[in-house]
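Scroll down for the structure; my scribbles are underneath it.
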Amino acid sequence: MAKYTTMKSLANALLILCLLAASCEANGLGGRAPAAISPLRTAGRTDLNEKVFNVLQYGAKPGGKQDSALSFIRAWRAACNYRGTARLLIPMGTFLIGATIFQGPCLGPVPIKVQIAGTLKAVADPSMYEEDFWILFENINGLLVTGTGTVDGQGNAVWKYNDGGSRFPSSIKFNHVANGIIRKITSVNPMGFHISIVLSQNIRAKHLHITAPATSPNTDGIHISQSSIVKVSRSVISTGDDCVAIIQGSTDVSIKKVTCGPGHGFSVGSLGKYPDEKDVRGVVVTNCTLRNADNGVRIKTWGGSQPSQASNILFQDIIMDNVKRPIIIDQTYGSKSNSPSKVKISDVRYINIRGTSASEVGVDLKCSEAVPCEKLYFSNINLKYYGPKKLPFTSMCTNAKVNYVGNQFPPPCR
C-alpha cells in the first residue's frame with residue numbers, strides 16, 4: 001500500500017509540473033520571450049521590485065522654513081545610481097528648496113520616476129539663482145515626473161524687480177531630456193517661466209494646471225526651444241505671458257485640448273531676436289480654447305532679424321472667448337529697428353476658428369516687406385465682435401498672400 005501511495009504522489013507531482021510548463025509556454029514564460037514594451041507605456045504601473053528613495057530619509061525637512069535642496073540632490077543621486085527600478089518620492093508636506101539639479105545619466109532601467117506629492121516652495125531671492133532655472137532635469141533618457149503636488153515659485157515676492165530685461169529662473173526646466181513625461185503637476189507663481197523645455201526630444205506634458213496672475217511678467221506657461229516631438233495636452237494654463245511659446249529650433253510640436261486664459265495665447269515666437277536662430281516647423285494647435293486672453297493664435301518675429309523660417313503650422317478647431325486679438329501675425333514685434341524682419345513665414349493654415357473678439361480687428365496679418373508671408377490658408381473663420389465700441393469688424397493684411405475657403409467673418413482682406 002505504501003509503495004502504491006508513493007507512486008500515486010509522484011504521478012500527481014509530474015502532472016502538476018506538466019500543467020505549469022504548458023501554462024508558462026502559453027504566457028511567454030517559456031520558449032520565446034514576450035514582446036518588449038516601451039518603458040514610457042509602463043510608467044504608471046506598480047513595480048514590485050521598485051525601490052523608493054524618500055527625500056525625508058536624506059535629511060529633507062518639511063515645514064517650508066529650512067532649505068532642503070541638498071537633501072533632494074542626495075536622494076536623487078542615490079536613485080539615479082541605483083541599478084534597479086527607482087522612484088524619488090517627495091511626500092506630503094511643504095519643502096523649501098533653492099536651485100536644485102537632478103542630473104543624469106542614470107544607471108537603472110527607464111524611466112526613472114519622480115513623484116511629487118507635497119508642495120515645493122522656491123527660495124524667493126533671485127540672487128540665489130546663478131542660472132535660468134529653479135528645478136533642473138538634465139541629461140536624462142527616460143523620465144517620469146508625476147504626482148498631485150504643487151510647485152510654487154513664489155514669484156509674487158520678486159516680480160517687482162523684473163525690469164523687462166532680466167531673466168528670472170524657470171520653475172521646472174528640462175534640458176537634454178529624451179523620452180520624458182511631466183503630468184498632473186500644479187505650477188503656481190513662477191519667478192520666470194513655469195516649465196521650460198530645451199534641447200529635448202520626445203516629451204509629453206499633460207494634465208497640468210498652471211497658474212499665475214495676468215499681470216505677472218514673462219511667466220510663459222510652457223516655453224519650448226530647440227526641441228522636437230513635444231506634445232502638450234489636456235492642461236489648463238492661466239498666466240501673465242504666452243500660455244505656450246514655441247521658440248527657435250522647435251519641430252514637430254503638438255498642442256491639443258489646452259485651455260488658455262488669461263495670458264498671451266499660443267505663440268510661435270518670438271523669432272529672430274538672436275543671431276543664427278534655427279527654423280521652426282511642424283506646429284499643430286488643435287481643439288483648444290482661449291478665454292479672456294490678450295492674444296489668440298500668434299506668430300511673432302523681430303524686425304532686423306537674420307534669415308530663418310517658420311513653416312508648416314496648423315491652427316484648427318479653436319474657440320475664442322473674449323480674446324483681444326484672435327488671429328495675429330506680427331513681424332515688427334519687440335524691435336526698434338527700422339529694418340524688416342527676415343523670418344520667412346509660409347504654409348500656415350487657420351481652420352474652423354470661432355468665438356468672440358474683444359477688438360474690432362479680428363484678423364491682423366502684419367508680414368515683412370522683405371519676405372512676405374506666403375501660403376496662408378483660411379477656412380471657416382467665424383468670429384464676432386463684442387467690444388465696447390460699435391465699430392466695423394475687420395481684417396487687416398500687409399505683405400500677406402492669403403487663400404480663403406468657406407465662411408469668413410470678419411470679412412477677408414481684399
[Y] and [X] side chains, donor-acceptor separation under 3.5 Å:
| X | Y | value |
| --- | --- | --- |
| D241 | T239 | no |
| N399 | E369 | no |
| S267 | R298 | yes |
| R204 | N202 | yes |
| R281 | S311 | no |

Legend entry - Minimum heavy-atom distance between I172 and V151, given as atom pair plus value: CD1-CG2, 4.1 Å

Inset, instruction - Output yes when E50 and K113 qualify as a salt bridge under the 4.0 Å nitrogen-oxygen rule, no when they do not. - result: yes

Legend entry - Heavy-atom donor-acceptor pair, S200 side chain to V198 backbone, under 3.5 Å: yes

Pairwise distance [atom1]([X]) to [atom2]([Y]) - rounded to 0.5 angstrom:
| X | Y | atom1 | atom2 | result |
| --- | --- | --- | --- | --- |
| I101 | F137 | CD1 | CZ | 11.5 Å |
| K366 | C397 | NZ | SG | 12.0 Å |
| H176 | Q226 | NE2 | CD | 8.5 Å |
| I345 | K375 | CD1 | NZ | 14.5 Å |

Inset, instruction - Give the intermediate values and the outcome of disulfide bond (SG atoms under 2.5 Å apart) for residues C373 and C367. - result: CA-CA 6 Å; C373 299; C367 297; 2.0 Å; yes

Inset, instruction - Describe, in one word, how the ring planes of F72 and F95 are oriented to each other, choosing from parallel (under 30°), tilted (30 to 60°) and perpendicular (over 60°). - result: perpendicular

